[in-house]
Amino acid sequence: MEKRSKRHHTPSPSDSDSAEETRAKDIKERDEFAKRLRKRDEEKVKKVSESSSKRSYEEAAKRLKLEAEDRDKILPKLRIQSRRKYLQKRKDDKVIELEDDIADDEYLFDESILTEREKREREHKKTLLQLAKEHEKARELENVQRYHMPQDLGKGEKGEYIEVDENEKLPNSEQRKWEQEQIKSAFFKFGAKDAKAQDEYELLLDEQIDFIQALQLEGNQEKKDEEKISEYQKARLTIEETKKSLPVFPFRDALIEAIRNYQILIVEGETGSGKTTQIPQYLHEAGFTDDGKKIGCTQPRRVAAMSVAARVAQEMNVKLGNEVGYSIRFEDCTSDRTVIKYMTDGTLHREFLSEPDLASYSVMIIDEAHERTLHTDILFGLVKDITRFRPDLKLLISSATLDAEKFSTFFDDAPIFRIPGRRFPVNIYYTKAPEADYIDACVVTVLQIHATQPLGDILVFLTGQEEIETCVEMLQERTKRIGKKLKELIILPVYANLPTDMQAKIFEPTPEGARKVVLATNIAETSLTIDNIIYVIDPGFAKQNNFNSKTGMESLMVVPISKASANQRAGRAGRVAAGKCFRLYTAWAYKHELEDNTVPEIQRINLGNAVLTLKALGINDLIHFDFLDPPPHETLVLALEQLYALGALNHHGELTKAGRRMAEFPTDPMLAKMLLASEKYKCSEEIVSIAAMLSVNSSVFYRPKDKIIHADTARKNFFHRHGDHLTIMNVYNQWADSDYSVQWCYENFIQYRSMKRARDVREQLVGLMERVEIDMVSSISDDTNIRKAITAGYFYHIAKFSKGGHYKTVKHNQTVMIHPNSALFEELPRWVIYHELVFTSKEFMRQVTEIESKWLLEVAPHYYKSKELEDSTNKKMPKTVGKSANNF
DNA sequence: AAGATTCCG
């Protein structure tokens, strides 16, 4: 608190008596509020368990599958099966809904195919030109000897590149030595064994890249045949036999014994060992649930929690949602009978608010701990603390390799239990020299593999949608040029924003005699697994989000991946047979330029909500909270400072009643404050819609390349003259008026998926508003009230149009700009409030709304003095008459 | 005049 800027009020000593009184009163009210919450929770648990124990298996399974349908990452096989089943079964509402969904999907899908084709033809010439240019560029950069950032490309100036250190050039440099040590076989040349193939391939391809084979990623499965048979047999194996065939099975008894003997155990097991599905069952069988307590297991992803729970329910032959269940946001599929509960890490984190001692659990398993999500990182500290006063609680931290030692140290030297995985060896190849243009290098490598390597699908890791699109175009162009001399190459993109049906294509089996290339973002690193990948191409980059707590600005940058990430990528080649991974960087770069591990999320993002939740859990000293890797000090200070300014903490750093209410919302504290403020301004209906729209990450407007003009005019039809918050409210309300129609979204260039999500979020928020005792009321005719409520939450995010002709933030006096997508881009009002600050090509404010400065004194008198809000010039700002001011 | 990586509550 002491770091607050001096221009803000500080309570003066003379106030202190009455201040003490109000503080005591507030804390009393807070505790009473908390008590009411607890009571409501108990009632809710009763209700839920009554209703869900009645629920039939079919119903539960259907719910799961419906959710799965909605998700993008489920195997199409499953989808087809489930669709068929539905059609044969009862034709209840759910089925009709599902059919509609499918029909809608196909409708959208057909359209996108058409436009794709159109686009391809139209841009054919353009692509050729681009290709030529890029080749030129690559040649120019040929001499560059350094692992570099990809955004350097395109700047086109040699001078921007740093040449290698002189040392590295020396004949006996460390690099050389090291590489020689590592190299097992000589140069790996494509098709070297087959002279004929080699000749043919030289004719086809005018470029090639030399690779060097270095280390091998150890596997423990030797022959493919063996696996093939077992794969075939697996289908006919009984569940019991399948369970026995898992690598974890032989360790069953030893594992149970270890858990009996130690309170905390680190389980190190590779994927495919069966640990996630089997260990909870072993513990259940061994009597860990006899006392009426549960076994909990957290997962970083929703799909994982659902599908693993479904699998375990099947193995145990029980109804999903009864003895085995799962709990994720928007959906709690558990009952009072549940003894094995899978959930997302975020769900458990929130659950702490209602059950801070995990009293209903006998064992808690934190799975996939190596992924180091924000939530698991916080759970580490919380759960470690609990084991101190609950000796009966067992704790398992489950992680894939490498990090186990670190976890062990953190958890007071807990023993490490190792379980082997099931994986085939992967040979790793590095480039001999660094590649100047890794997109081009990817294309060349794909073709090299295609021309010379035995059949098997290829997975290429790129950083984003745009890169993937250009790479797809390049590959299409070059394969066309090569013609029929090579076998068919099926080129498929995958990234999160790709429509569901396009995503599903990557799961379709590759036709006989053809080869599939999947161009993916790091979505393919963990979130989805593609069968039959034999070759992986890894340029070594990914996009990463970073939060700068000094400026409060987020940025998305391309950075080199970590060694851990590189190995995860390589591992994707060894799932069905021995594979090969081609790294488009040198062995030297891998060894010396890549970090061991990716910086954990907790050190890279805004911690506002996390800090509030911890405060609500009664953890007052956050600076000394037991973090595995502590977040930057400034990030914590900023979060605390903001919470104080928002009134969530009092000047003693204690949680206030407002803070306790805010903690109920799974959102950024400022957004939570805005929701609370809607009570005073009688516009909770509108604010809840705005909040829901703000939390779907700006992917509401759809903007296909070939219909940019249509999309932009469609977007402008929603514009509100006072700004973006009211614009997105317009979108939501009109969509609701259309009865949540898919067709409406399509016509208005709105992403249906985002809207659906906004609707889910909105429903949840409405429930939470009731929980924090706020009535839902509407004030649609008065946008001033709505804007005041927004201001009450976001008074930290104010910018003022200055004399220099640009905006400056009030807090940091930092020059920022209105994002070109904003409704106010051409308006330039004097005072604006913004939702977020993002650094891309410039410092942009995203989601901007006009306000009046006097409101700041009304909503945040403790934070603003009238003096600093005075306009330095008395002249009115000349306003551009926006052609786009199209109000409702 | 910009441009979406990925999860999670």
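Protein chains get the first letters and strands the later ones, always in sequence-line order, with residue 1 at the start of each. These numbers come from the heavy atoms of this one structure, side chains and all, not from hydrogens, waters or symmetry mates.
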* Asked: Looking just at side-chain N and O atoms, do A:Ser565 and A:Ser562 make a donor-acceptor pair shorter than 3.5 Å?
  ->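 Their side chains do not contain a donor-acceptor pair, so the 3.5 Å distance test is not met.
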* **Passing option when A:Glu351 is tested against A:Arg329, A:Lys294, A:Lys341 for salt bridge (charged side-chain N to carboxylate O under 4.0 Å, His left out)** =>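 Only one option passes, and that is A:Lys341.
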With sugar-phosphate meaning primed atoms plus P, OP1 and OP2, does [X] contact a base, only sugar-phosphate, or nothing at under 4.0 Å between heavy atoms?
| X | value |
| --- | --- |
| A:Thr667 | base |
| A:Phe665 | nothing |
| A:Asp345 | nothing |

On the nucleotide [N], are OP1 or OP2 found under 4.0 Å from the side-chain N or O atoms that [X] carries?
| X | N | answer |
| --- | --- | --- |
| A:Thr344 | B:dG9 | yes |
| A:Arg302 | B:dG9 | yes |
| A:Lys842 | B:dA2 | yes |
| A:Thr373 | B:dC8 | no |
| A:Ser527 | B:dT6 | no |

Take atom [atom1] of [X] and atom [atom2] of [N], then tell me their distance rounded to the nearest Å.
| X | N | atom1 | atom2 | answer |
| --- | --- | --- | --- | --- |
| A:Ile328 | B:dC8 | CD1 | C1' | 11 Å |
| A:Leu348 | B:dC7 | CG | C1' | 17 Å |
| A:Ile523 | B:dA4 | CD1 | P | 17 Å |
| A:Glu554 | B:dA4 | CD | P | 13 Å |
| A:His375 | B:dC8 | NE2 | P | 10 Å |
| A:Asp377 | B:dG9 | CG | C1' | 16 Å |
| A:Ile366 | B:dC8 | CD1 | P | 16 Å |
| A:Gln764 | B:dC8 | CD | C1' | 12 Å |

Shortest side-chain distance from [X], nucleotide among [options]:
| X | options | result |
| --- | --- | --- |
| A:Leu556 | B:dT6, B:dA4, B:dG9 | B:dA4 |
| A:Phe844 | B:dT5, B:dA2, B:dG9 | B:dA2 |
| A:Asn545 | B:dG9, B:dT5, B:dT6 | B:dT5 |

* Structure fact -> Contacts of A:Val494 and A:Asn821 projected onto DNA chain B by closest heavy atom; the upstream (5') one is A:Asn821
* Earlier contact from the 5' end, DNA chain B, for A:Asn609 and A:Gly464 ->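 Taking each residue's closest nucleotide, the earlier one in sequence belongs to A:Gly464.
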* **Worked verdict on A:Arg572 versus A:Glu525 for side-chain contact (heavy atoms from CB on, under 4.5 Å)** => CA-CA 8 Å; A:Arg572 294 274 139 175; A:Glu525 213 175 286; 5.9 Å; no
* Asked: Would you call A:Arg715-A:Asp712 a salt bridge at under 4.0 Å N-O?
  -> yes
* Asked: Can you list the residues that meet the ring-ring contact (aromatic ring centres under 6.0 Å, His included) rule with A:His819, with sequence neighbours excluded?
  -> A:Phe844
* **By salt bridge (charged side-chain N to carboxylate O under 4.0 Å, His left out) - contacts of A:Lys563 (at least two apart)** => A:Asp596
